[in-house]
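Below you'll find the structure, written out as structure tokens, and then a few comments.
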Amino acid sequence: MSVAFPACSVARFSRKRASVGVEPGVIGGSELEYIARCSDSDARDAIALLHHSVRNTANGSADRVTGAVIDDSKPDADQAVVRSRLSDLSCDQRLVLEVMADVHPATSGGVYEAYCEHADNPVHDRTLRGWLPELERYELIVKSGSEYEPIYEVREIALKELEIMV
């Protein structure tokens, strides 16, 4: 799970990270601030965006990191974060995402029924319902509908990383 920090903290953290891992003059303070804003103050997102922006600059797209380079790097950084978050999941949590892709949009009950059909040793429904907010915080699923009967759906970027086409 990633941790949200105030944008100024992420920028400060990114500035420290950039001063250690990036050649001087490749990225400026305003670009680090822009990365912090683009990452919604999420440290993992900011680090990935910094990494991909610097990498894309080193690959010859520009002499230094600019706003355009950051914008162009965002899809790669987002995909890297999703890949990292997916690797943090247990086999059962990953199975939940895979079956959710088949039945989405669905309530937690619908997700649990589909999960039970595919799991060798399914967890309790309460456990699965506890995973749903975590998967939402990981930005792997989205929740919509009413507070009392929310509907869950796997995000397209997670489906792509899971190599699921729906």
Side-chain angles (χ1 to χ4, degrees), residues 1-106 111 130-145 150-166:
M1 183 171 69
S2 59
V3 178
F5 295 100
C8 59
S9 297
V10 172
R12 217 177 5 255
F13 178 72
S14 296
R15 195 171 289 120
K16 283 183 179 180
R17 186 166 281 254
S19 70
V20 172
V22 180
E23 294 290 324
V26 172
I27 189 164
S30 63
E31 288 79 19
L32 289 171
E33 292 288 338
Y34 183 56
I35 287 173
R37 285 192 309 275
C38 288
S39 65
D40 293 327
S41 300
D42 183 299
R44 185 179 285 192
D45 290 350
I47 292 166
L49 188 52
L50 172 63
H51 168 79
H52 285 277
S53 297
V54 170
R55 187 194 71 189
N56 289 342
T57 300
N59 289 340
S61 66
D63 294 338
R64 63 185 313 277
V65 175
T66 63
V69 171
I70 294 167
D71 292 339
D72 291 346
S73 302
K74 191 141 179 48
D76 292 336
D78 290 344
Q79 199 68 41
V81 170
V82 166
R83 188 176 306 118
S84 173
R85 288 175 175 161
L86 286 171
S87 72
D88 290 344
L89 299 179
S90 70
C91 290
D92 278 312
Q93 290 169 325
R94 194 173 175 105
L95 179 59
V96 166
L97 284 177
E98 291 170 3
V99 299
M100 192 183 288
D102 290 335
V103 298
H104 75 99
V111 172
W131 290 342
L132 295 174
E134 179 181 343
L135 295 173
E136 188 181 9
R137 277 191 310 277
Y138 269 38
E139 297 180 338
L140 299 173
I141 65 173
V142 292
K143 179 174 80 170
S144 61
I151 306 290
Y152 298 95
E153 219 171 336
V154 182
R155 291 186 65 224
E156 189 174 320
I157 193 168
L159 291 172
K160 181 179 175 185
E161 191 59 38
L162 289 167
E163 298 180 352
I164 297 173
M165 297 299 150
V166 289

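Predicted, not measured: the structure shown is a model, and the values here were computed from it.
Between P105 and I151 the shortest heavy-atom distance is CB-CG2, 3.2 Å. Here the shortest heavy-atom pairing between L86 and A158 reads CD1-O, 4.4 Å. Scanning all heavy atoms of the two residues, the minimum distance from C38 to K74 falls at O-NZ, 3.5 Å.
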Query - Test side chain to side chain contact (heavy atoms under 4.5 Å, CB included) applied to L135 and L89, step by step - result: CA-CA 9 Å; L135 295 173; L89 299 179; 3.8 Å; yes

Query - Criterion side chain to side chain contact (heavy atoms under 4.5 Å, CB included) on Y34 and T66, from CA distance to verdict - result: CA-CA 9 Å; Y34 183 56; T66 63; over 6 Å; no

**Report entry** Test log, rule side chain to side chain contact (heavy atoms under 4.5 Å, CB included), inputs R155 and L140
**Finding:** CA-CA 6 Å; R155 291 186 65 224; L140 299 173; over 6 Å; no

Query raised in the report: Do E139 and V82 pass the side chain to side chain contact (heavy atoms under 4.5 Å, CB included) test, and can you show the C-alpha distance, the side-chain angles, and the key distance before you say yes or no?
Result: CA-CA 8 Å; E139 297 180 338; V82 166; over 6 Å; no

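To the nearest 0.5 Å, atoms CG (L95) and CE (M100) are separated by 10.5 Å. Separating the CG atom in L162 from the CG atom in L97 is a distance of 6.0 Å, to the nearest 0.5 Å. Atoms CD1 and OG, on I35 and S53 in that order, are 4.5 Å from each other to the nearest 0.5 Å. To the nearest 0.5 Å, atoms CD1 (I141) and CD (E134) are separated by 10.0 Å. We find the CG-CZ distance between L32 and R37 to be 11.0 Å, quoted to the nearest 0.5 Å. Atom CG of D72 is separated from atom CD1 of I70 by 10.0 Å, given to the nearest 0.5 angstrom.
Between D45 and R85 there is a salt bridge, with a side-chain nitrogen of the basic residue lying less than 4.0 Å from a carboxylate oxygen of the acidic one.
E31 places a side-chain N or O within donor-acceptor distance of the main-chain N or O of G28, the cut-off being under 3.5 Å. Judged by distance alone, the side chain of R44 and the main-chain N or O of V81 form no donor-acceptor pair under 3.5 Å.
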